[in-house]
A.B. asks: 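Structure below; questions to follow.
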Amino acid sequence: MRIAQISDLHILDLTDVPMVRFANRRVFGGANLLFRRAREYRPDILEALVEDLLQEEVDHVVVSGDLSNLALEPEFMRVFDLLKLLGDWSRVSVVPGNHDYYTYRAADTRRFEKTFYPFMFRGTFSDLDMDIYPYVKRLNDVLLVGVNSATRTVPPFSYGTVGKRQLERLDALLGRLESQDAFKIVVLHHALHARDKWAETTSRLLNRDAFMELMEKHSVNLVLHGHDHHGRIWKKRWDSGHTTNIICCGSSTRLVDDPSKIARYRIVHIDEGRLRKIETKIFDPGIRKFMPS
């Protein structure tokens, strides 16, 4: 089983978006876009990424949040149209990030879920589907669990939380999965490692300890997350002797001079219930393709 992780796409698309839509916190994001984000996070790199994933013929693609930049409908649809080239819910899984809940209205109207529901479940979205997180998929001998850590915030905050109700559901779900002989993967957006003081104040996962306790309790094998645009791979060794591998993808569409921050994605290789290899592919701006690291 080869599973690709992409993350933090931050796709901008203002097609037919009236200026009145910026009469909220988007005015801050809009200023940021003018100076930096619109140049750094590139739809053309996402197109090259999808092409590379098709050539790789991976078994499944996981998107660990921040698919959009301002949680606008054209942004969501542009990403959706590209992801559907990779397949349906059996081939693609997504979770939201803080940018996908960028405004209170985007979060309250569940704009992300209404667009990307086909990558979470069979069927169509209903406003009655209140508790869709966490969701679980069986991928041969792998069990993949999607968790929502995005929540409504005000500038300059971009923190996340896995709410009490969702934590309880996650605990119960992982408890049921323990009896199954499968490799367990949990996906969320917000970072699980400590960062600098500013990031810890404004953008951490507020209940990180409670979330990690469940990873230990249920011997989760692998956690995939985004949010921090610096790629990171680490192991958490628990007192029980179990090890949880944790992968922060970094951004998969970012074009910058720093080679440690340029667009990348991961491919994890799982065989016979074990993580065998983590492969990283990095965008080469010279040839406009993703190349093995």
A.B. asks: Might you confirm whether atom CE of Met77 has over 12 heavy atoms from other residues, nucleotides or ligands at distances under 6.0 Å?
C.D. replies: yes
A.B. asks: Just by modelled atom types, is the Ser7 backbone N or O under 3.5 Å from a matching donor or acceptor in the Ser252 side chain?
C.D. replies: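 It does hold such a pair.
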A.B. asks: Could you walk me through whether Gln5 and Ser64 pass side-chain hydrogen bond (donor to acceptor under 3.5 Å, both in side chains), step by step?
C.D. replies: CA-CA 7 Å; Gln5 180 198 11; Ser64 50; 3.2 Å; yes
A.B. asks: As an exercise, state the distance from NE2 of His218 to CD of Glu213, rounded to the nearest 0.5 Å.
C.D. replies: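 So the gap between those two atoms works out to 11.0 Å.
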A.B. asks: Would a 4.5 Å heavy-atom cut-off, applied to side chains only, mark His230 and His193 as touching?
C.D. replies: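 His230 does not reach His193 side chain to side chain.
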A.B. asks: Are Val186 and Leu222 joined in one hydrophobic group, where the rule is that I, L, V, M, F, W and Y side chains link up if heavy atoms are under 4.5 Å apart?
C.D. replies: no
A.B. asks: For Asp59 versus Arg91, what's the shortest heavy-atom pair and its separation?
C.D. replies: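 Where Asp59 meets Arg91 most closely, the heavy atoms are O-NE, 3.0 Å.
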A.B. asks: Could you check whether any side-chain N or O of Arg276 sits under 3.5 Å from a backbone N or O of Glu272, counting only pairs where one atom can act as donor and the other as acceptor?
C.D. replies: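 No, Arg276 side chain to Glu272 backbone: no donor-acceptor pair under 3.5 Å.
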A.B. asks: Can you measure from CG (Leu12) to CD (Glu75) and round to the nearest 0.5 angstrom?
C.D. replies: 5.5 Å
A.B. asks: Just verifying a value: how many Å separate Phe119 CZ and Ser90 OG, rounded to the nearest 0.5 Å?
C.D. replies: 10.5 Å
A.B. asks: Within this structure, what is the CZ-CG distance for the pair Arg165 and Asp131, rounded to the nearest 0.5 Å?
C.D. replies: 4.0 Å
A.B. asks: Determine, using ring centers only, whether Tyr41 and His229 are less than 6.0 Å apart.
C.D. replies: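 Ring centroids of His229 and Tyr41 are less than 6.0 Å from each other.
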A.B. asks: Judged by atom type as modelled, is there a donor-acceptor pair below 3.5 Å linking the side chain of Asp100 to the main-chain atoms of Asp66?
C.D. replies: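 Between the backbone of Asp66 and the side chain of Asp100 there is a qualifying donor-acceptor contact (under 3.5 Å).
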A.B. asks: Verify whether the ring centers belonging to Phe112 and Phe116 lie closer than 6.0 Å.
C.D. replies: yes
A.B. asks: Within the supplied structure, the quantity of interest is the number of heavy atoms (other residues, nucleotides, ligands) at a distance under 6.0 Å from Asp181 CG; does it exceed 12?
C.D. replies: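 No, the 6.0 Å shell around CG holds no more than 12 heavy atoms from other groups.
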A.B. asks: Heavy atoms only: give me the nearest Leu275-Phe183 pair and the separation to one decimal.
C.D. replies: N-CE1, 3.6 Å
A.B. asks: Taking everything shown except Asp81 itself, do over 12 heavy atoms lie less than 6.0 Å from its CG?
C.D. replies: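 Yes, the 6.0 Å shell around CG holds more than 12 heavy atoms from other groups.
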A.B. asks: Shortest non-hydrogen contact from Gln166 to Tyr133?
C.D. replies: OE1-CB, 3.3 Å
A.B. asks: What do you reckon, is CZ of Arg138 surrounded by more than 12 foreign heavy atoms closer than 6.0 Å?
C.D. replies: yes
A.B. asks: With no hydrogens and no angle check, just 3.5 Å: does a side-chain donor-acceptor pair link Thr253 and His10?
C.D. replies: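 On atom types as modelled, these side chains do not qualify, holding no pair under 3.5 Å.
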A.B. asks: Would you compute the distance between atom OH of Tyr159 and atom OG1 of Thr201 and round it to the nearest 0.5 angstrom?
C.D. replies: 12.5 Å
A.B. asks: With rounding to the nearest 0.5 angstrom, report the CD1 to NZ distance, Ile6 to Lys281.
C.D. replies: 13.5 Å
A.B. asks: Quick one: does any side-chain atom of Arg111 pair with a main-chain N or O of Ala71 as donor and acceptor, under 3.5 Å?
C.D. replies: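 Looks like yes, one N/O pair under 3.5 Å.
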A.B. asks: Would you call Glu200-Arg208 a salt bridge at under 4.0 Å N-O?
C.D. replies: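 Answer for the salt bridge query: yes.
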A.B. asks: Could you pull out all residues at least two apart from Arg2 that satisfy salt bridge (charged side-chain N to carboxylate O under 4.0 Å, His left out)?
C.D. replies: Glu56
A.B. asks: My understanding is that only one of Ile270, Val62, Val220 makes a side-chain contact (heavy atoms from CB on, under 4.5 Å) with Ile185; could you say which?
C.D. replies: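 Passing option: Ile270.
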A.B. asks: Is His99 reaching over with its side chain to a backbone N or O of Asn69, donor-acceptor style, under 3.5 angstrom?
C.D. replies: yes
A.B. asks: Any side-chain to backbone donor/acceptor pair from Asn140 onto Val142? Under 3.5 Å, distance only.
C.D. replies: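 No, because the side chain of Asn140 does not come within donor-acceptor range (under 3.5 Å) of the backbone of Val142.
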